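Below: the structure, in structure tokens.
Just so it is clear, the values below take in all heavy atoms, side chains as well, and ignore hydrogens, waters and symmetry mates. What you see is a predicted model, and the numbers here were worked out from it, not measured in a lab. Numbering starts at 1 and runs along the sequence shown.
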Amino acid sequence: MTAAPLRVGNFSGFYGDRFSALREMLDGGEVDVLTGDYLAELTMLILARDRLKDPSAGYARTFLRQLEDTLGRAHDKGVRIVTNAGGLNPAGLADAIRELAGRLGVPVRVAHVEGDDLTARHPGSLAAHAYLGGFGIAACLRAGADVVVTGRVTDAALVTGPAAAHFGWKPTDHDRLAGAVVAGHVLECGAQATGGNYAFFGEGGATRPGFPLAELHEDGSSVVTKHPGTGGLVDVGTVSAQLLYETAGARYAGPDATARLDTVRLTQAGPDRVRIDGVRGEAPPPDLKVGVNRLGGFRNEVVFVLTGLEIPSKAALVRNQMRAYFAESGARPAEVGWDLARTDRPDASTQETASALLRLVVRDPDPEKVGRALSGAAVELALSSYPGFHVLAPPGKGTPYGVFETARVAQDAVEHVAVLPDGRRVPVPAAQDTAVLHPVPEPPLPEPLPPGPVRRAPLGLVAGARSGDKGGDANVGVWARTDDAWRWLAHELTVERFRKLIPEARTLPVTRHTLPNLRALNFVVEGILGAGVAAQARFDPQAKALGEWLRSRHADIPEVLL
């Protein structure tokens with residue numbers, strides 16, 4: 001007998017997402033399971049610093065506040081909640097939910113998943129956590145849990161776990177699990193699947209997009225949609241964008257299954273309904289990813305405002321003056337970086353548009369070298385530097401910054417445990433059927449467009465893009481909206497061309513992955529983010545707008561596409 005579809009929704013894509021989303025998803029329509037994703041690389045560092053101050057902390061307190069007026073509603077509707085808001089302390093959050101439920105008089109059964117914390121194995125780290133899969137969540141749900149709290153699991157595990165529990169999938173059901181992995185990846189960032197952060201945002205009423213949900217089927221296929229009457233849109237474009245977000249090649253590996261993104265088929269199945277099917281799965285890798293957060297040192301910055309004429313000469317003067325300070329004081333920080341943003345315009349009608357920004361960023365293990373001594377030296381230039389001297393904000397103390405690294409650990413070296421509502425601790429076996437990852441051969445390209453007249457125009461007129469971060473690397477997914485645009489894009493946007501359009505990537509390793517089913521190219525730029533988002537190595541430390549910068553660059557585009 002075929003099981004009924006499972007409706008899984010999302011109410012959080014990051015720690016700080018729309019507070020009312022949980023209530024909106026409960027009240028907006030039918031749903032079986034609601035998932036909340038709170039954890040990112042930077043979030044783990046934030047929670048680790050919280051835990052240093054208070055050992056009982058380490059979880060997303062926002063989620064607990066969201067439950068104040070929704071826990072009873074979820075219980076009445078029979079909606080289960082699965083979230084990684086447990087962060088570094090899932091047991092602590094589970095206890096807090098039980099206390100809240102008792103105070104509210106709501107008889108919910110709470111379970112949690114643990115075993116991801118490997119900090120003790122990584123001396124000197126603030127937090128080191130393995131990315132677990134969904135079978136611990138499944139065990140909790142099968143035991144009758146109404147709320148399941150996890151620590152660091154993969155984002156997709158919040159969906160693979162409920163799907164495995166509902167449909168009775170086994171760890172060897174790779175195709176089905178891979179289908180759920182793809183659906184989970186689409187849902188994980190909340191409104192990014194419903195028109196949020198969308199390249200063609202003018203088409204979908206992006207003022208207040210609703211949150212997404214997926215109707216999962218027993219064969220692993222799904223339909224991505226949203227509650228009726230909510231803002232935004234769900235179409236092949238919004239789903240394509242999210243599938244390319246923070247992914248890389250054809251193999252999207254996870255602890256439950258490796259999903260072949262080159263097999264994904266997307267079909268518009270009606271207004272705000274996109275069907276995902278055809279997903280092939282493979283055995284997961286034999287090891288798990290481990291995210292390691294360390295304290296990298298201390299950081300400070302000063303932003304000098306340069307106005308009017310001779311901007312380069314003014315910038316050179318400030319650099320020379322600060323260089324002299326470093327030499328005289330003997331307190332030169334380990335890293336000194338300058339960045340001049342030419343935001344000024346000639347003959348500007350406002351002072352702001354006549355001004356450029358010169359940003360000085362310093363880093364050092366010693367907080368004194370980047371502290372008030374440095375910022376004081378910058379302020380002392382106020383009456384003895386370039387004409388019009390001022391800074392954006394008074395400099396302050398140096399602040400600590402983090403460094404994110406990745407490691408690998410064998411699946412069977414991690415004690416994945418489901419702690420059931422009755423307190424029983426059930427070990428979750430590691431995957432026995434595994435496969436080492438190998439690159440997928442590049443597929444053949446489509447036939448190029450025939451020669452014809454071209455026009456110099458922004459790339460974004462014919463292609464969408466979405467970009468994001470993975471540690472120190474960034475990915476930029478670019479997709480075409482028509483078959484003809486894909487025929488042009490696949491041949492035009494080579495690695496060499498990408499490097500010319502994105503000069504920051506010229507000296508860095510860049511890999512291009514081709515995904516014809518999605519009419520997409522996915523570029524991975526290694527090292528462009530330095531030591532990760534917390535180190536703030538560039539103006540856009542998470543590469544969120546790297547794709548939009550690429551879309552704004554001009555290319556010779558065939559007129560037939562414009």
Side-chain angles (χ1 to χ4, degrees), residues 42 45 49 124 126 293-344 351-352 354-405 469 471-472 474 503-508 525-543:
L42 181 60
L45 179 65
R49 292 177 62 184
L126 291 177
N293 285 278
R294 304 182 188 277
L295 181 64
F298 295 84
R299 177 189 182 279
N300 207 345
E301 72 174 55
V302 185
V303 181
F304 302 90
V305 183
L306 316 175
T307 304
L309 305 177
E310 301 180 273
I311 296 296
S313 296
K314 291 172 179 174
L317 175 58
V318 174
R319 292 188 186 196
N320 288 336
Q321 289 176 313
M322 292 303 296
R323 189 179 298 118
Y325 161 73
F326 293 144
E328 292 168 7
S329 67
R332 188 186 191 281
E335 295 181 40
V336 178
W338 293 93
D339 183 37
L340 176 60
R342 294 301 302 266
T343 53
D344 55 303
Q351 182 175 327
E352 185 172 359
S355 301
L357 302 178
L358 179 64
R359 185 168 173 247
L360 166 62
V361 177
V362 294
R363 294 183 178 85
D364 198 277
D366 182 355
E368 293 300 317
K369 286 189 178 182
V370 300
R372 293 199 179 275
L374 169 69
S375 54
V379 171
E380 286 176 6
L381 296 177
L383 303 181
S384 56
S385 190
Y386 60 87
F389 180 100
H390 65 289
V391 296
L392 278 187
K397 296 179 180 179
T399 57
Y401 70 90
V403 172
F404 180 82
E405 304 166 344
D469 64 307
E504 286 182 72
R506 282 179 179 169
T507 62
L508 299 173
V525 186
E526 297 179 32
I528 194 171
L529 303 180
V533 55
Q536 299 185 49
R538 66 189 298 271
F539 171 69
D540 174 17
Q542 290 181 284

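Here the closest non-hydrogen pair linking Leu306 and Ile311 is O-CD1, 3.4 Å. The minimum heavy-atom distance linking Asn300 with Val370 is given by the pair ND2-O, 2.7 Å. When all heavy atoms of Ala356 and Leu340 are compared, the closest pair comes out as CB-CD1, 4.2 Å. Across all their heavy atoms, Val525 and Ala505 have their closest contact at CG1-CB, 3.9 Å. Listed here is the closest heavy atom pair of Ser355 and Thr343: O-OG1, 2.7 Å.
Using a 4.5 Å heavy-atom cutoff, the side chains of Ser384 and Phe389 are not in contact. At least one side-chain heavy atom of Pro312 sits less than 4.5 Å from a side-chain heavy atom of Arg342. By the 4.5 Å heavy-atom criterion applied to side chains, Tyr386 and Val318 are counted as neighbours. Looking only at side-chain heavy atoms (C-beta outward), Val336 and Leu360 come within less than 4.5 Å of each other. In this structure the side chain of Thr307 reaches within 4.5 angstrom of the side chain of Gln351, judged on heavy atoms. Under the 4.5 Å side-chain criterion, counting only non-hydrogen atoms from C-beta, Glu526 is not in contact with Leu508. Using a 4.5 Å heavy-atom cutoff, the side chains of Leu374 and Met322 are in contact. Lys314 places none of its side-chain heavy atoms less than 4.5 Å from the side chain of Ser385.
The backbone N or O of Gly297 lies less than 3.5 Å from no partner atom in the side chain of Asp364, so there is not a single donor-acceptor pair. Side-chain atoms of Ser375 do not come within 3.5 Å of backbone N or O of Lys397 as any donor-acceptor pair.
For the atom pair CG of Leu45 and CZ of Arg294, the computed distance is 12.5 Å after rounding to the nearest 0.5 Å. Annotation: the span from Leu529 atom CG to Phe404 atom CZ amounts to 12.0 Å, rounded to 0.5 Å. To the nearest 0.5 Å, atom CZ of residue Phe298 and atom NZ of residue Lys369 are 13.5 Å apart. Rounding to the nearest 0.5 Å places CG of Asp339 at 6.5 Å from CZ of Arg359. Rounding to the nearest 0.5 angstrom, the gap separating the CG atom in Leu357 from the CZ atom in Phe539 is 8.5 Å. The structure places CG of Leu381 at 10.5 Å from OH of Tyr325, a figure rounded to the nearest 0.5 Å.
In Leu309, the CG atom is not crowded: 12 or fewer heavy atoms of neighbouring residues, nucleotides or ligands sit closer than 6.0 Å. For CZ of Arg49, the number of neighbouring non-hydrogen atoms (other residues, nucleotides, ligands) closer than 6.0 Å is 12 at most.
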Val361 vs Arg299, side chain to side chain contact (heavy atoms under 4.5 Å, CB included): CA-CA, chis, key distance, verdict: CA-CA 7 Å; Val361 177; Arg299 177 189 182 279; 3.8 Å; yes
